[in-house]
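Counting from 1, the numbers follow the sequence of the chain as shown. All figures in this text were calculated on a predicted structure; none of them were measured in a lab.
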Amino acid sequence: MSEQPTPSGHARQQLEPDAANGLRAYAARTRESADQLAAVLEDIAANGLPSVEDCTPWEELREAHLARLAKQRPAVA
């Protein structure tokens, strides 16, 4: 993928090393998230959906996520 040819007369602009490293780290995190999702979907395909008793309601998940976000961002006075 990194060896893609460029149209004639158009050179690609190289990134700064820090920017390139940040982009590679983001790609790695994205790939890891996609792999986790794929594993969950494969498990569901092989074993079926989990029972309702073993699941967390989406409202609880939402509230927990909102609480995490609130801790990361200080309140504006």
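For residues 13-28, the side-chain hydrogen bond (donor to acceptor under 3.5 Å, both in side chains) pairs, not counting sequence neighbours, are N21-R24. Sorted by first and then second residue, the side-chain hydrogen bond (donor to acceptor under 3.5 Å, both in side chains) pairs with a member in residues 33-43 read D43-N47; sequence neighbours excluded.
Here the side chains of H65 and L61 are not in contact, with every heavy-atom distance at 4.5 Å or above.
At a threshold of 4.5 Å between side-chain heavy atoms, the hydrophobic network of Ile, Leu, Val, Met, Phe, Trp and Tyr places L49 and V40 in one connected group.
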